[in-house]
Every structure is written in C-alpha cells, then in structure tokens.
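Protein chains get the first letters and strands the later ones, always in sequence-line order, with residue 1 at the start of each.
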Protein chains: 2
Amino acid sequence: MNIGDVARRSGLPAKTIRYYEDIGLIRPQRSENGYRSFREQDLHKLAFLGRARALGFTIEDCRTLVALYEDEGRESAQVKHIAMEHLRQIEDKIAQLQSMRSTLNTLVHACAGDNRPDCPILEDLAQTSPEARSAEKQS
Amino acid sequence: MNIGDVARRSGLPAKTIRYYEDIGLIRPQRSENGYRSFREQDLHKLAFLGRARALGFTIEDCRTLVALYEDEGRESAQVKHIAMEHLRQIEDKIAQLQSMRSTLNTLVHACAGDNRPDCPILEDLAQTSPEARSAEKQS
DNA sequence: ACTTGACCCTCCAGTGACTGGAAGCCCCAT
DNA sequence: ATGGGGCTTCCAGTCACTGGAGGGTCAAGT
C-alpha cells in the first residue's frame, strides 16, 4: 500500500502519516522506488492513533498507548491511569470554557449590537479592577 | 513605570508584555537607558488585553477589540459580532470536549485498572471499523 | 570604589501537532 | 513525448507565548 491508500483507509492526511513516521510512531517499509510501503499492521496502528488522537490524547500519550497495546505483559492500570489523567484535563478545560461562555453570553446579551458606540462588552474589558466586574450568571 | 511594575499591576508576565510590543499591540515609550517606560494608558491597555485573552479571544481579535475600544465612531454591532463568533467557537469546542469526555468516561469505567493486561480502553482504540465501536452513554 | 543582586535589554530557539508549499522524481496512459 | 497524478524531501509557518543565553543598568550596602 502506498501512502495515498493508507490515507484514504485511515482517514489521516498523508502529511500527518509522514509526520508520524518522522517522530517515530510508525516505521513503514520502503519500496525500491523510495515510496513508503505500508502493511496491514501499519494501517491498523494508524487507525489506532487516529482514534486516540480523536479522543484528545497527546502524541506522547499515543506513543505510550501504542507501546502498551503491543505489550502483552501490560497492566490495565497503566492504561487506565493515562486515560483518567487525560479525562481530568478535559474536564478542567471544559470548566474553563464554560466559565468563558458564561461571561461571554452575559456580555453578548447585554450589548445592543446596533450602530451606536456604547458597548457593555468593551466596558467590561476596560474595567480597571477585577473585583469591579459585574457578577456573571450561568449561561 | 518599568516593565516589572506593569507586569505586577497587569498580571501579565514581562515576557508577554515584550511580546505584545513586538507584534504591535502596545507602543511603550523608552527611557534614556533603553528601558521601556509605561504610562497609565499603557497599563490600562494591557489590562484590557489580559481580560480579553482570559476570555479566550485570539490576539487578532484583541487587536480589533482594542481598535474598536479606541474608536469613538465604532458601532457596537462590530464588537458584538466578534464576541458572538467567539462564543460560537467556544460552544463548538465545549461540545467536542464533552463528546470526548463521554467516551473516555465510559471507557475508564469499563477498565478494571488492575495488574491484568485485558483493557477495554485499548480494545476500543483498536476497533477496526468506526461503526463497530460500542454506543457511548452520556457521562 | 567596589560588589552584589535585582532589574532590564535583545536575540534565538522551542513548544504541539500538524499544514502548506516548493522543487523534483516515478509511473502510467495517451 | 507529454500530461497528470502520486510520491519524495526539506523548509517555513501556525498560535501565543516561554526559556535561556549573554550582557547592560541601577541602587544599596560595605
């Protein structure tokens, strides 16, 4: 299989696949003409990587997950630890974004959005002291 | 005011303030010794930037917001448009993260996390077809 | 006068995970 | 032989900083 086929079948851009080889995540063989030659197991690994990335795991997490996947002597606790830590970070990120959303939502609703210059959004951003900012309601 | 004072009062790292000058967000004056010399209005602008960044606006959005803030002839619709677009992107991101959280949560709960190698997390990542993946429940 | 330490300066490189583009080879069909 | 699509490498750019090297400045203490 050439890189184009693998890209189609894995859903990953060819560029990304080359990048994954660059950083040592995969090691496809080479044909005589210098083209990368992928086996089914390479495709499988790329699909694995694609799904792990889609779940937001970092490349380094992916590296570890692949290694664990290939390690018959792994302990599921190792995998679970990575997943839980990642889950925690996602939850932190969600909370942070929800806080932004809440504030933005309030501000957007307070702004007339017409042709006049008066704008509560800019007024909020221009507040000189943090404690002077208006209380935010949950969106 | 030197950069250290401004950093303390604005809450932004000195490095970030220098960076903001680099990209033309601020234009502090210079003392004879070459040190940046900040006026109150620079500090005010940096605080504005800090709050806009804390709400997740991109640097380019910040540039526009500052320009609008300083433009007496602005229309609040322009500000509102930027904020609403940003809000939409935040909501997209939240939805994406919530979907990840849901899947991860299911997987984490399904994994024993002991010293045995069997791991539903890895099994899920290794699924060969997307439609073969188990249905996910809301976390 | 000298030293110390806290500041300040610039410039360069690195982060994460790609993505775009240039320049050029390979292969097959017309 | 020409064209088009696919493949190759390498370099640069993305975003918003952040770290560090190497060096100048300033005020206080000895």
Q) What is the nucleic acid contact for Arg18(A), judged by heavy atoms within less than 4.0 Å: base, sugar-phosphate only, or nothing? A) base
Q. Of Tyr35(B) and Thr58(B), whose closest DNA chain D nucleotide lies nearer the 5' terminus?
A. Thr58(B)
Q: Return the value, rounded to whole Å, for the distance between atom CZ of Arg63(A) and atom C1' of dA17(C).
A: 12 Å
Q: For Ile17(A) and dC7(D), give me the distance from atom CD1 to atom P, rounded to whole Å.
A: 10 Å
Q: Mind checking Phe57(B) for me? I need base, sugar-phosphate or nothing, with any heavy atom below 4.0 Å counting as a touch.
A: nothing
**Q.** Whole angstrom value for the distance that separates C1' of dC7(D) from CD of Glu21(A)
**A.** 13 Å
Q. For Tyr20(B) and dC17(D), is the shortest distance between a side-chain N/O and OP1 or OP2 below 4.0 Å?
A. yes
Q) Is the phosphate of dT18(D), meaning OP1 or OP2, less than 4.0 Å from a side-chain N or O of Thr16(B)? A) yes
Q: Write down the atom of Cys111(A), the atom of Cys119(A), and the distance for their closest heavy-atom approach.
A: SG-SG, 3.8 Å
Q. How close or far is atom C1' of dC7(C) from atom CZ of Phe38(B), stated in whole angstroms?
A. 13 Å
(Q) Distance check needed: dT19(C) C1' versus Ile59(A) CD1, whole Å only. (A) 14 Å
Q: Using a heavy-atom cut-off of under 4.0 Å over every strand shown, decide if Arg53(B) touches base, sugar-phosphate, or nothing.
A: sugar-phosphate
(Q) Less than 4.0 angstrom between a side-chain N/O of Arg36(B) and OP1 or OP2 of dT10(C), yes or no? (A) yes
**Q.** Ion pair Glu85(A)/Lys80(A), N-O distance below 4.0 Å
**A.** no
Q. Roughly, in whole Å, what's the span from CG in Asn2(B) to P in dT25(D)?
A. 14 Å
Q.
Assess the residue pair Asp118(B) and Ser76(A) against the criterion (side chain to side chain donor-acceptor pair (under 3.5 Å)); give the C-alpha distance rounded to whole Å, side-chain angles, the decisive distance to 0.1 Å, and a yes or no.
A. CA-CA 6 Å; Asp118(B) 315 82; Ser76(A) 67; over 6 Å; no
Q: Take Leu68(A) and Thr64(A) through the test side-chain contact (heavy atoms from CB on, under 4.5 Å) and record every step on the way to the result.
A: CA-CA 6 Å; Leu68(A) 287 170; Thr64(A) 309; 4.2 Å; yes
**Q.** Ile3(A), nearest nucleotide to its side chain (from dG21(C), dT18(D), dT8(D))
**A.** dT8(D)
Q: Kindly say if Asn33(A) contacts the phosphate of dC25(C), meaning a side-chain N or O under 4.0 Å from OP1 or OP2.
A: no
Q.
By nearest heavy atom, map Ser37(B) and Pro13(A) onto DNA chain C; which one lands nearer the 5' end?
A. Ser37(B)
**Q.** Salt-bridge present (Asp42(B), Lys45(B); N to O < 4.0 Å)
**A.** no
Q) Does the side chain of Arg30(B) get closer than 4.0 angstrom to OP1 or OP2 of dT10(C) through an N or O atom? A) yes
Q.
Between C1' on dC15(D) and CD1 on Ile23(B), what's the gap in Å once rounded to a whole number?
A. 10 Å
Q) How long is the line joining CG of Asp61(A) and P of dG16(C), in whole Å? A) 12 Å
